[in-house]
Amino acid sequence: MKLNAGIVTNKLSESKAFYTDTLGFGVTFENEFYLLMHTPNHEAEISFLLPNHPSQQPLFHKPFLGDGMYLTIEVENVDSRYEELKKKGVTIKIDLRDEPWGDRHFAIQDPNGVGIDIVQYASRE
């Protein structure tokens, strides 16, 4: 089974710019109403769909309103990713921190209001 999260939004171009320029994602497929992107290692995908598009069923018409959703991106070196994004001028929403259970992470936000937690997990052995 494979999961592809999707966001219904009017911000297709802003989303494409953010995920490519900020996070290094690539474009898998794109047309005038749909954008499918993949992580740099092609292990996961995220999609964006224009609201109220006539090709889609009503279930997929209403736009995401920016609350109640987050994504987690696991990285091997969270400190270097943090410094890289700060140098790019990306707004850090939650500063780099260590959690009591051992994870180290920080958070940013995409143009749709989705919080993105960038984390280096503690050993899971």
Check: About how many Å separate OG of Ser47 and CG of Leu36, when rounded to the nearest 0.5 Å?
Finding: 6.0 Å

Note to self: Taking Glu76's backbone N and O only, do any of them form a donor-acceptor pair with Gln120's side chain (distance below 3.5 Å, no angle check)?
What the structure shows: yes

What donor-acceptor contacts under 3.5 angstrom involve side-chain atoms of residues 49-58, with partners at least two apart or in another chain?
residue, atom, partner, partner atom, Å
His53, ND1, Ser55, N, 3.2
His53, ND1, Ser55, OG, 2.8

Item checked: Of all pairs that satisfy side-chain hydrogen bond (donor to acceptor under 3.5 Å, both in side chains), the ones with a partner from residues 31-40, not counting sequence neighbours -> Thr28-His38, His38-His42, Thr39-Asn41

Next item on the list: Side-chain contact test, heavy atoms from C-beta onward, threshold under 4.5 Å: evaluate it for Gln109 versus Ile116 and give yes or no.
Entry: no

Notebook entry, point to check: Tell me, do Met37 and Phe48 make a side-chain contact under 4.5 Å, heavy atoms counted?
Noted result: yes

Note to self: Could you go through His61 and Val8, starting from their C-alpha distance and side-chain angles, then the distance that decides it, and tell me whether this counts as side chain to side chain contact (heavy atoms under 4.5 Å, CB included)?
What the structure shows: CA-CA 7 Å; His61 278 205; Val8 181; over 6 Å; no

Item checked: Min side-chain heavy-atom separation Val75-Tyr121 under 4.5 Å -> no

Checklist line | Step-by-step side chain to side chain contact (heavy atoms under 4.5 Å, CB included) determination, Val119 to Val78 | finding: CA-CA 6 Å; Val119 63; Val78 74; 5.8 Å; no

Next item on the list: Hey, could you give me the CZ/CG distance between Arg104 and Asp98, rounded to the nearest 0.5 Å?
Entry: 4.5 Å

Check: Any Lys/Arg nitrogen of Glu99 or Arg97 sitting under 4.0 Å from an Asp/Glu carboxylate oxygen of the other?
Finding: yes

Checklist line | NZ/NE/NH1/NH2 to OD/OE distance under 4.0 Å, Lys87 and Glu84 | finding: no

Note to self: Would a single hydrophobic cluster contain both Leu3 and Met69, if residues Ile, Leu, Val, Met, Phe, Trp and Tyr are joined by side-chain heavy-atom contacts under 4.5 Å?
What the structure shows: no

Check: Looking at NZ of Lys11 and CG of Leu35, how far apart are the two atoms once the value is rounded to the nearest 0.5 Å?
Finding: 15.0 Å

Next item on the list: Among residues two or more places apart or on two chains, list those pairs meeting ring-ring contact (aromatic ring centres under 6.0 Å, His included) that have a residue in residues 73-100.
Entry: Tyr82-Phe106

Item checked: Reported OG-to-CD1 distance for the pair Ser15 and Ile46, which is rounded to 0.5 angstrom -> 8.0 Å

Checklist line | Flag, side chain of Asp110 to backbone of Asn112, donor-acceptor distance under 3.5 Å | finding: yes

Margin query: Donor-acceptor pair, distance only, cut-off 3.5 Å: does the side chain of Asp103 make one with the backbone of Ala122?
Written below: yes

Next item on the list: Nearest 0.5 Å please: distance from the CD atom of Glu30 over to the CG atom of Leu12.
Entry: 8.0 Å

Next item on the list: Starting at CD1 of Ile108, measure out to NZ of Lys88 and round the result to the nearest 0.5 Å.
Entry: 9.5 Å

Notebook entry, point to check: Do Ile92 and Ile94 come close enough that some side-chain heavy atom pair is under 4.5 Å?
Noted result: no

Notebook entry, point to check: Does a side-chain heavy-atom distance below 4.5 Å link Ile73 with Leu23?
Noted result: yes

Margin query: Do Phe64 and Leu71 sit in one hydrophobic cluster, given that two such residues count as connected whenever their side-chain heavy atoms are within less than 4.5 Å of each other, even indirectly?
Written below: yes

Checklist line | Exam field: side chain Thr20 to backbone Ala17, donor-acceptor pair closer than 3.5 Å | finding: yes

